[in-house]
Amino acid sequence: QLGDIFFDFQGLSEKKELAQSLRTHLTAIIGRGPIILQTMFEEEANRHVALNFFGRLKKERGTHSHRDKVNLKHGGIMPLVGAVRLLALRNGIEATSTIRRINLLQERGVFNAEEADDLIETSRQISRILLRQQLRDFQAGANVSNYVSPASLFRRERKTLIGALKTVDSLQDKVRMVFTASVF
């Protein structure tokens with residue numbers, strides 16, 4: 001689980017060429033071994049966007065301190081980054097930045113200009129909301145986490161977040177179609 005993050009490795013400053021050679025080699029291996037990509041897709045399919053069946057924010061349940069909050073890392077950022085990474089690897093793209101991957105996928109025709117722009121803006125929106133909450137937590141002396149209370153957001157921010165998560169959900173549908181050649 002989460003083995004796909006290995007493909008975002010970075011080399012030490014004096015070993016960047018070695019890291020790039022390794023990345024090129026691994027990307028070539030993945031291109032020749034579709035079973036690796038299929039296994040990565042199956043793991044990715046287990047990541048779910050933080051939206052419920054009705055398209056509303058999916059809040060944590062239970063009695064823990066994160067009750068009624070949304071985990072934006074696991075329910076937003078990771079599904080977005082993972083889906084883009086998977087498409088990039090499938091297309092032989094060695095970049096490690098999500099935004100760079102999106103731009104390169106657009107150049108290769110995987111995304112049109114509007115899709116790429118939507119995904120980049122989605123990444124920024126989710127990250128902005130999460131970072132702002134983390135700064136609030138830090139300033140209040142609370143534990144900094146990946147959880148955001150929808151009640152702490154303005155109505156416009158909630159709508160923006162829901163729209164961003166719907167974009168990630170659509171991206172996951174696209175990845176599912178690419179890897180399974182089916183709509184569902």
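Annotation: side chain of D137 is not in contact with side chain of N143 (no heavy-atom distance under 4.5 Å). For the pair L80/V84, a side-chain contact is recorded, criterion being any heavy-atom separation below 4.5 Å from C-beta on. At a threshold of 4.5 Å between non-hydrogen side-chain atoms, the residues F41 and T180 count as touching. The side-chain heavy atoms of P79 and H48, taken from C-beta on, include no pair separated by under 4.5 Å. Using a 4.5 Å cut-off on side-chain heavy atoms (C-beta onward), F111 and D118 make no contact. The shortest distance between side-chain heavy atoms of S152 and R136 falls below 4.5 Å. Within the 4.5 Å cutoff, no side-chain heavy atoms of V70 are placed close to those of E60. With contacts defined as side-chain heavy-atom distances shorter than 4.5 Å, the pair R101/L87 does not qualify.
K59 approaches P150 most closely through the heavy-atom pair CE-CG, 4.0 Å. The nearest pair of heavy atoms linking A50 to L165 is O-CD1, 3.7 Å. When every heavy atom of A95 is checked against every heavy atom of L104, the shortest pair comes out as CB-CD1, 3.8 Å. Contact detail for M78 and R47: the closest heavy-atom pair is O-NH1, 3.5 Å. Across every non-hydrogen atom of I77 and S127, the tightest pair is CD1-OG, 4.2 Å.
A donor atom on one side chain and an acceptor atom on the other are not found under 3.5 Å apart for R128 and Q125. Counting only N and O atoms by type, the side chains of E42 and N46 include no donor and acceptor under 3.5 Å apart.
For the atom pair K58 NZ and H74 NE2, the distance stands at 13.0 Å (nearest 0.5 Å). With rounding to the nearest 0.5 angstrom, the CZ atom of R176 is 10.5 Å from the CD atom of E44. One distance of note links CD1 of I129 with CG of L131; it measures 11.0 Å at 0.5 Å rounding. Going from atom CD of Q106 over to atom CD of E114 covers 11.0 Å, rounded to the nearest 0.5 Å. Atom CZ of R61 and atom CG of D68 lie 10.0 Å apart (nearest 0.5 Å). Note that OG of S145 is 11.0 Å distant from NZ of K73, once rounded to the nearest 0.5 Å.
By the criterion of side-chain heavy atoms lying less than 4.5 angstrom apart, applied directly or through intervening Ile, Leu, Val, Met, Phe, Trp or Tyr residues, I99 is grouped together with V168 in one hydrophobic cluster. Linking ILVMFWY residues whenever their side-chain heavy atoms come closer than 4.5 Å, directly or via other members, places V81 and F179 in the same cluster. V144 is not connected to L72 by any chain of hydrophobic side-chain contacts under 4.5 Å among Ile, Leu, Val, Met, Phe, Trp and Tyr, and they are in different clusters. V49 and Y147 end up in different hydrophobic clusters when Ile, Leu, Val, Met, Phe, Trp and Tyr side chains are linked at under 4.5 Å.
Although no hydrogens or angles enter the test, the distance criterion places a donor-acceptor pair under 3.5 Å between the side chain of T160 and the main chain of R156. Judged by distance alone, the side chain of N91 and the main-chain N or O of I93 form no donor-acceptor pair under 3.5 Å. At distances below 3.5 Å, not a single donor-acceptor pair connects side-chain atoms of N71 with backbone N or O atoms of G75. In this structure, E157 contributes its side chain and F154 its backbone to a donor-acceptor pair below 3.5 Å.
Residues satisfying the salt bridge (Lys or Arg N to Asp or Glu O under 4.0 Å) test with K174, not counting sequence neighbours, are E115.
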Evaluate side chain to side chain donor-acceptor pair (under 3.5 Å) for E107 paired with N103, printing each intermediate quantity in order. CA-CA 6 Å; E107 287 178 16; N103 287 325; over 6 Å; no
N146 and Q134: CA distance, side-chain angles, deciding distance, side-chain contact (heavy atoms from CB on, under 4.5 Å) verdict: CA-CA 7 Å; N146 300 308; Q134 290 175 335; 3.4 Å; yes
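Of the candidates L51, L153, T122, V148, L161 forms a side-chain contact (heavy atoms from CB on, under 4.5 Å) with just one, namely L153.
The pair D169-K166 does not count as a salt bridge, with every side-chain nitrogen at least 4.0 angstrom from each carboxylate oxygen.
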